[in-house]
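Structure first, commentary second.
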Amino acid sequence: MPLSWNEIRHRAIAFSKEWMGVTSERAEKQTFWNEFFSVFGIPRRAVASFEEPVKGISGRYGYIDLFWPGVVLVEHKSLGKDLGKAESQAFRYIQDLAREGRTDQIPRYVIVSDFARVALHDLEPDDQRRLPLFDQWRVATVEFPLADFHSNINHFAFIPGYKQHRFEEQDPINIEAVEIMGRLHDALESGGYRGHQLERFLVRILFCLFAEDTGIFEREAFRLYVENRTARDGSDLGPHLAHLFDVLNTPPEERQRNLDETLAAFPYVNGGLFAENLGFADFNLDMRNALLACAHFDWSRISPAIFGSLFQAVMDEKERRQIGGHYTSERDILKVIRSLFLDDLRAEFEQSKSSKTKLKRFHEKLAGLRFLDPACGCGNFLVITYRELRLMEIEILKLLYREAQQGPGMLPLSLIDVDAFYGIEISEWPARIAEVAMWLMDHQMNIRLSEAFGEYFIRLPLKKSPTIACENALRLDWNEVIPSSQCGYVLGNPPFVGGKFQTDQQRADMAHVAGDIKSYGLLDYVTGWYFKAAPYIQGTKVVVGFVSTNSVTQGEQVGLLWGPLFQRYHMKIHFAHRTFTWESEARGKAHVHVVIIGFGAFDKARKEIYDYEGHSQNPAVSVVSNISPYLVGGPDRAFTNRSNSICMAPEIRFGNQPIDGGWLLLDPEEKDALLSKEPEAKRYIRLYLGSQEYINGEKRWCLWLKDASPAELRRMPEIMRRIEGVREFRLSSRRPATRELAATPAQFAFVSHPECDYLLIPSVSSERRLYIPVGFMPRDVIASNLCLIVPGATLYDFGIISSAMHMAWVKQVCGRLKSDYRYSNKLVYNNFPWPDPSDTKRRTAVADGAQAVLEARRESPDATLADLYDPLAMPPALVKAHTQLDRAVDLCYRPQPFQNDRQRVEHLFALYEKLTAPLLPPAKKRRPRGH
């Protein structure tokens, strides 16, 4: 009876283990090939002979190392010799066979080896017999190190006599595979097979496709069963698949005696994957063809780490076209797990290598760890975590047992299994995919373990499973999934949804977890997981590592999130990856600016910050004593809105807000039309600048009627028409305060305009700019509410606000509109620590630097501020002026230069603490001892 492919794979692993590293002095090629054929259950002497003579063109005889007439010719060289020469020798022997008239003995295959490498050449890759002339052969070649023999046994199917089923070479699983599976999904759904049944059914299909390409099933067993045992029109495919699923859920001893032998060859899987009775899915011809098309992909090429993310898109036709939005790269996931636990475990492993007792104790520690991903999706974080722990375990086992006799009973020493992993996912499809991905990664790691010990190891039937709860993580008590006392680490990538873009359900979820926090509606959805994690980990040593949008470390959200986390739950940030781009490696890359934050309910001495400024993949790592919620070294403090500056800086105001329905505002055409009808209105028309107009040089005007008398207004009917439009607009508002403003329709709703020149700060500016372009405005220009104004500001004030020091503060503290800076008077300006104003020399240097910046701007009179401050177009003179200003401002803070913005921010945070710390009460005098 021929061996199964799993048994052949088992033997191949043992064969490779035996012969890897054998030196040329010990190597004996005939023994090598005898054992090579034994891998396939074929006695070499029954089919092939050594040293087969063949007469060359010179009349001399050569000797083929190993020859199986009509099948294979083997040429073997010493260890490290050139396989190309062995190949040339083999092809000369084939030509010699042809010249001798032995054409019926010409082999289809040629194998060459040097003990360490094996190369197989197929002389008939298109199944058409070729003439034995060297230049006419089309040869398909596969070459691999001996260690990979078990992964290439399918190429040697001719040895045990299996039929070769040939397919075109496939690329790694890509969007085409997703769309094929998607068409199958759509066809089943349109036929009425949908919801839970459809999702479970497709998960089973995906498992079967993967299983037949990775050794869980016999090679091509699933495809051949569908192809050979079901009707071409697909009419009976549903019942056949249901029967197969039932067999996969039935132990061999409980199966019927007269079960079809093809079905009987499938293993017992268990694990609950095939337990539920789903009913039949009705197929047709096209649906059957779609399933067979899926089976033609080589699924062994896809890592279970991305298995789920790729196929989550199958369930949504729109998402199917944007598959990259769901695929998180392994590189970025490793950033989380390395900082959270992997680097520490690796360091502990290195320290344990000195003693087997320590190694065993460390091994037991690994086996006792438990992990929870409360937003697990398709399980990417859990799968990669499991893989890394199993790889470490294999290293441990090799150190512990490398001198032990290898034999049956060695491999069960693996202690880490999938039941140590827990997840919460709101949707059933990704939850089920996560389970399957964990099992598939377990199988891959078992193969790696088999390779290490030369003994085939597979965990079938599945006896343990990951726990994936299909629930709303913001409503569920996480202790119901795994008690926090048993959990070691919480990790994941909760969904990124801004406060303004949340669904009604998501807003209700946020109210459930953060409803007692004022203005919680401003928080991103991801913060809900922070509020759930904090009480969950109270009184434990559990550490949490979450990927989050960087908005949770910027603007108002910092105080709303971290204030309660620090004050109520006494959280401490253990590590932080500052802002970097979270990318998909699929096409249509999704770019999101994120941070990674690790925190716990206990403190630790060593805290690490990873800074990606200028080095997207090679961050600078610094060790600090404490990490602030802005992810720089600093105290556990979040800035809150202040009405006044902490440094008695010049007063700052919002610009003027019309709330007019557009009636008081004029574009160039409207201005010209108004003046053509009412020239006397000219004295009431003022230039009106918002952020957009100021930065981009656009023109807009407003009717500034603050000083117009009633008589003057009534002499201008066009102005009166506009004033009436304002009144009607305000009266129609649902807001009572706006309706009250209808009583004064000729005036702006909010007036802050000073009767002096002022400094204008645009409230919104692109993050691409190195500086926010502020500027002086004359008193007759009206700033809109999309700007901030500093009345009576000096050159020194301009210089401080235009500096790299202030910009470092802005980047860290301000909120964002999309990714643009959103400057705030109460949060950014009033909390900013200005330098000591008493140093006249330093103040003068800053003022001179500010004047140089203004003069450099004037050298380009036709350029807008958008042009001047585009980082790719910024004039050299302006760059130089800003650099000199930056130095002058930096020197106002300390004599030592700052190397980067991180250092600036940390210095400013420390200064903020000094400026805002309450005065300490005088220490009480101690009573002298003995009195």
Nearest 0.5 angstrom please: [X] [atom1] to [Y] [atom2], how far?
| X | Y | atom1 | atom2 | value |
| --- | --- | --- | --- | --- |
| Asn641 | Ser519 | CG | OG | 9.0 Å |
| Ser802 | Leu885 | OG | CG | 6.5 Å |
| Leu560 | Gln557 | CG | CD | 7.0 Å |
| Asn550 | Phe580 | CG | CZ | 10.0 Å |
| Ile695 | Leu865 | CD1 | CG | 7.0 Å |
| Ile782 | Lys706 | CD1 | NZ | 9.5 Å |

Can you find a pair of side-chain heavy atoms, one from [X] and one from [Y], that are under 4.5 Å apart?
| X | Y | answer |
| --- | --- | --- |
| Ile761 | Tyr694 | no |
| Arg637 | Glu913 | yes |
| Ile789 | Leu759 | no |
| Pro494 | Ser548 | no |
| Phe575 | Lys607 | no |
| Phe531 | Pro564 | yes |
| Leu908 | Tyr893 | yes |
| Leu631 | Val595 | yes |

For the pair [X] and [Y], find out whether any cationic side-chain nitrogen is under 4.0 Å from an anionic carboxylate oxygen.
| X | Y | answer |
| --- | --- | --- |
| Asp901 | Arg578 | no |
| Arg904 | Glu906 | no |
| Asp870 | Arg768 | yes |
| Glu712 | Arg683 | yes |

Would [X] and [Y] count as a cation-pi pair here, with the cationic atom under 6.0 angstrom from the ring centre and within 45° of the axis?
| X | Y | value |
| --- | --- | --- |
| Arg700 | Tyr688 | no |
| Lys826 | Phe639 | no |
| Lys572 | Phe602 | no |
| Arg894 | Phe898 | yes |

Could you go step by step and tell me if Leu665 and Trp701 meet the side-chain contact (heavy atoms from CB on, under 4.5 Å) rule?
CA-CA 6 Å; Leu665 305 181; Trp701 288 266; over 6 Å; no
I'd like to know if the side chain of Asp524 pairs up with that of Ser551 as donor and acceptor (distance under 3.5 Å, no hydrogens or angles considered).
yes
One pair to check against side-chain hydrogen bond (donor to acceptor under 3.5 Å, both in side chains): Arg843 and Ser838. What are the steps and the verdict?
CA-CA 8 Å; Arg843 287 176 63 91; Ser838 63; over 6 Å; no
Would you say the side-chain atoms of [X] pair up with the backbone N or O of [Y], donor to acceptor, closer than 3.5 Å?
| X | Y | answer |
| --- | --- | --- |
| Ser691 | Cys787 | no |
| Gln747 | Thr744 | no |
| Asn656 | Ala783 | yes |
| Asn831 | Thr640 | yes |
| Asp886 | Ala804 | yes |
| Asp839 | Lys841 | yes |
| Asp890 | Arg887 | no |
| Ser803 | His806 | yes |
| His753 | Arg779 | yes |
| Glu693 | Ser784 | no |

Where do [X] and [Y] come nearest, in terms of heavy atoms and distance?
| X | Y | answer |
| --- | --- | --- |
| Pro635 | Ser628 | O-CB, 3.2 Å |
| Val828 | Trp809 | O-NE1, 3.0 Å |
| Pro778 | Asp757 | CA-OD1, 3.3 Å |
| Thr916 | Arg642 | CG2-NH2, 3.7 Å |
| Lys335 | Asp332 | NZ-OD1, 3.0 Å |
| Pro745 | Arg730 | CA-NH1, 3.7 Å |

Is the number of heavy atoms from other residues, nucleotides or ligands under 6.0 Å of [X] [atom1] greater than 12?
| X | atom1 | value |
| --- | --- | --- |
| Arg338 | CZ | no |
| Lys604 | NZ | yes |
| Arg653 | CZ | yes |

Residue among Leu911, Ile800, Val813 satisfying side chain to side chain contact (heavy atoms under 4.5 Å, CB included) with Phe832
Ile800
Applying side chain to side chain contact (heavy atoms under 4.5 Å, CB included) between Val790 and each of Tyr758, Tyr829, Phe798, Phe776, report the one that passes.
Tyr829
Step-by-step side-chain contact (heavy atoms from CB on, under 4.5 Å) determination, Val764 to Leu786
CA-CA 7 Å; Val764 178; Leu786 295 179; 5.9 Å; no
Those residues at least two apart in sequence (or on a different chain) that pass side chain to side chain contact (heavy atoms under 4.5 Å, CB included) with Gln538 are Tyr569, Met571, Ala601
Centroid-centroid distance, His593 to Phe496, less than 6.0 Å
no
Would a line drawn from the ring center of Tyr630 to the ring center of Phe909 be shorter than 6.0 Å?
yes
Applying salt bridge (charged side-chain N to carboxylate O under 4.0 Å, His left out), which residue pairs with at least one partner in residues 854-865 are found, sequence neighbours left out?
none
Quick one, Asp636 with Asn626, criterion side-chain hydrogen bond (donor to acceptor under 3.5 Å, both in side chains). Give me CA distance, side-chain angles, the key distance, then yes/no.
CA-CA 8 Å; Asp636 296 339; Asn626 202 69; 2.8 Å; yes
Run the side-chain hydrogen bond (donor to acceptor under 3.5 Å, both in side chains) test on Glu698 and Gln692 for me, step by step, so that the C-alpha distance in whole Å, both residues' side-chain angles and the decisive distance to 0.1 Å come before the verdict.
CA-CA 7 Å; Glu698 299 174 3; Gln692 175 79 9; 3.1 Å; yes
Excluding sequence neighbours, so at least two apart, what forms side chain to side chain donor-acceptor pair (under 3.5 Å) with His882?
Tyr869
